[in-house]
Number of protein chains: 2
Amino acid sequence: MNHPASTKDRILAAAESLFAQRGFEGASLRQLTAAAGVNLAAVNYHFGSKERLVEEVFRRRLDALNQRRLAALARVAGRDDTTLEQVLDAFIRPALELSHDDHGALFMRVLARAFAEHDDRLRQFLSENYGHVIRQFTAEFAHLLPHLSKAELYWRIDLVTGALTHAMSGFGMIQRKGDVSESAHREQTVAHLVRFAAAGLSAP
Amino acid sequence: MNHPASTKDRILAAAESLFAQRGFEGASLRQLTAAAGVNLAAVNYHFGSKERLVEEVFRRRLDALNQRRLAALARVAGRDDTTLEQVLDAFIRPALELSHDDHGALFMRVLARAFAEHDDRLRQFLSENYGHVIRQFTAEFAHLLPHLSKAELYWRIDLVTGALTHAMSGFGMIQRKGDVSESAHREQTVAHLVRFAAAGLSAP
DNA sequence: CCTATGCTCAAACGATCGTTTGATTTTCCT
DNA sequence: AGGAAAATCAAACGATCGTTTGAGCATAGG
């Protein structure tokens, strides 16, 4: 590992921070390269274009995050006694663990931006590379909520995933409770978000 | 009432649509004025600047929306038997009624963007002009949820309002169920969102 | 009818954007 | 050590951004 962080890594770190702060269009390559301490042309040299840099920022975190989500899902899904709460836990816990790291919390803000912006190219990239994750969770939700129509289920999943992403994007700033340990607080938060998401998905 | 819509109104309508589609920075004044069928300079003539146009887009909808929210809140708040669900209904129902209009649904998308972007100027404008609404609802929530710390309550309110805005921003596209009347469907949706929001606010 | 006022228009302003260029420096292999 | 390959650099490219200008058009009041 490079003790002086490589140019690529410094660009990726600065991009994550600036994208979270000013958005993908709002953060210019000149601000970005200045913050990273590299030359302006370095972005196009190492990544080809700004758009591909955006994709790499997502890839760096989402590969590991979604792998852990699928692993957690495999542990609970497909059984006769699988509960909605278990599936939601598999979706929420890996993301919340990521967002407890400072840089991870920044990335969740970036993810929340991607959700809000309706950039067709970005949605296509996310769908192509990580669509199978949502699809596997959706299949499990459909099995657990058979009384919902397809359209209604899709809308509720979009509602819940958007809400969860928003929730964890504002998470880096209110940690450290002091009276309870960090792991206990995290466990409380997971339980709270699972109940929240379950209420968004399940019908009365 | 101008039968041929005035230049100002045509700019506001086109701005609402383009801001929802491409964001505040992403929508240029040239795209905007072309869509509105007016001259490029008309924006700066009638509104002074692009930033003030953004503010007017919000003002046009939020004045009425928040007035109805406060009126609904006044009808249920401050009593001994006030429930969390009643307060949430007062917050949710006016917004959902707005989002059932096509243009209203577009505006909810604009509102969701304002939530995701951390533009300081925009947040200050919204806080200055509509902060008292959130503050009044927050006071009622604090009264109904006395066991929550201030920081925890604020975080949960931010979580829930963000989730609700996101929910109603994607609402224009899945209406018309066919088998149930529109008002019945709306009533179902209100009930669903109220339960969802209540789960996000209340502790176990 | 004439003029003052409100409005629209094409054109241009300077600034900033993402990207490219070509030269220069650094790195690594034989 | 020497030379190919990789990386960094300052500078410039054309495009597009929000904004301003000044002339031209409309219309209502005296």
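Atom set for the values below is all heavy atoms of this structure, side chains included, hydrogens, waters and symmetry mates excluded. The chains referred to below are lettered A, B, ... by the order of the sequence lines, with proteins before strands, and numbering in each begins at 1.
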*Asks:* Rounded to whole Å, how long is the line connecting atom OH of A/Tyr45 with atom P of D/dA10?
*Replies:*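 One finds 17 Å between P of D/dA10 and OH of A/Tyr45, rounded.
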
*Asks:* Taking the side chain of A/Ala41 as heavy atoms from C-beta outward, which of C/dT19, C/dT20, D/dT21 is closest to it?
*Replies:*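 Of the options given, the side chain of A/Ala41 lies nearest C/dT20.
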
*Asks:* Using modelled atom types only, decide if a donor and an acceptor are shared between the side chain of B/Arg109 and the backbone of B/Gln21 within a distance under 3.5 Å.
*Replies:*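 Absent.
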
*Asks:* C/dC17, D/dA7, D/dT19: which one has an atom nearest the side-chain heavy atoms of B/Lys50?
*Replies:*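 So the side chain of B/Lys50 is nearest to D/dT19.
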
*Asks:* Name the residue closer to the 5' end of DNA chain C, choosing between A/Gln31 and B/Arg10 according to the nucleotide with the nearest heavy atom.
*Replies:*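 Its nearest nucleotide lies further toward 5', so the answer is B/Arg10.
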
*Asks:* For the side chain of B/Leu40, counting heavy atoms from C-beta on, which of C/dA12, D/dA6, C/dC9 is nearest?
*Replies:*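 Closest of the options to the side chain of B/Leu40: C/dA12.
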
*Asks:* Measure the CZ-OG1 distance between B/Arg156 and B/Thr138 for me, rounded to the nearest 0.5 Å.
*Replies:*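 Here the rounded value is 14.0 Å.
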
*Asks:* Output the rounded distance in Å from CG (A/Leu29) to P (C/dC17).
*Replies:*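 In whole Å, C/dC17 P lies 9 Å from A/Leu29 CG.
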
*Asks:* Counting heavy atoms not belonging to B/Gln67, are there more than 12 under 6.0 Å from its CD?
*Replies:*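 At most 12 heavy atoms, drawn from other residues, nucleotides or ligands, come within 6.0 Å of this atom.
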
*Asks:* Should the ring pair A/Phe58 and A/Phe24 be called parallel, tilted or perpendicular, given that the plane angle runs from 0 to 90° and is split at 30 and 60?
*Replies:*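 Answer is tilted, since the angle falls between 30° and 60°.
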
*Asks:* Which listed nucleotide (D/dA7, C/dC17, D/dC17) is nearest to the side chain of B/Arg30?
*Replies:*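 The listed nucleotide nearest to B/Arg30's side chain is D/dC17.
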
*Asks:* Could you tell me the separation between the CD1 atom of B/Ile11 and the C1' atom of C/dC9, rounded to a whole number of Å?
*Replies:*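 Taking atom C1' of C/dC9 as the reference, CD1 of B/Ile11 is at 13 Å.
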
*Asks:* Does C/dC17 have its OP1 or OP2 closer than 4.0 Å to a side-chain nitrogen or oxygen of A/Ser28?
*Replies:*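 For A/Ser28, the contact criterion (side-chain N or O under 4.0 Å from OP1 or OP2 of C/dC17) is met.
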
*Asks:* CG of B/Asn44 versus P of C/dA10: gap in Å, rounded?
*Replies:*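 Value for this atom pair: 16 Å.
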
*Asks:* What's the CG-P distance between B/Leu18 and D/dG18, to the nearest Å?
*Replies:*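 Rounded to the whole Å, the gap is 11 Å.
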
*Asks:* Could you check which of D/dA6, D/dC17, C/dT19 has an atom nearest any side-chain atom of A/Ser49?
*Replies:*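 Per side-chain heavy atoms of A/Ser49, the pick is C/dT19.
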
*Asks:* B/Asn39 CG to D/dT19 P: how many Å, rounded?
*Replies:*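 After rounding, the gap between these two atoms is 15 Å.
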
*Asks:* Please report the distance, rounded to the nearest Å, between CZ in A/Phe47 and P in C/dT19.
*Replies:*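 So the two atoms are 13 Å apart, to the nearest Å.
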
*Asks:* If every non-hydrogen atom of B/Phe91 is compared with every non-hydrogen atom of B/Arg69, which pair is closest and at what distance?
*Replies:*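 Residues B/Phe91 and B/Arg69, closest heavy atoms: O-NE, 2.9 Å.
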
*Asks:* Can you tell me how far P of C/dT16 sits from CG of A/Leu32, to the nearest Å?
*Replies:*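 It is 17 Å, rounded to the nearest whole Å.
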
*Asks:* When you measure from the side chain of B/His46, which nucleotide among C/dC7, C/dG18, D/dT19 comes out closest?
*Replies:*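 Ranking C/dC7, C/dG18, D/dT19 by closest atom to the B/His46 side chain puts C/dC7 first.
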
*Asks:* Should A/Thr7 be listed as having a side-chain N or O under 4.0 Å from OP1 or OP2 of D/dA7?
*Replies:*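 Negative; the distance criterion is not met.
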
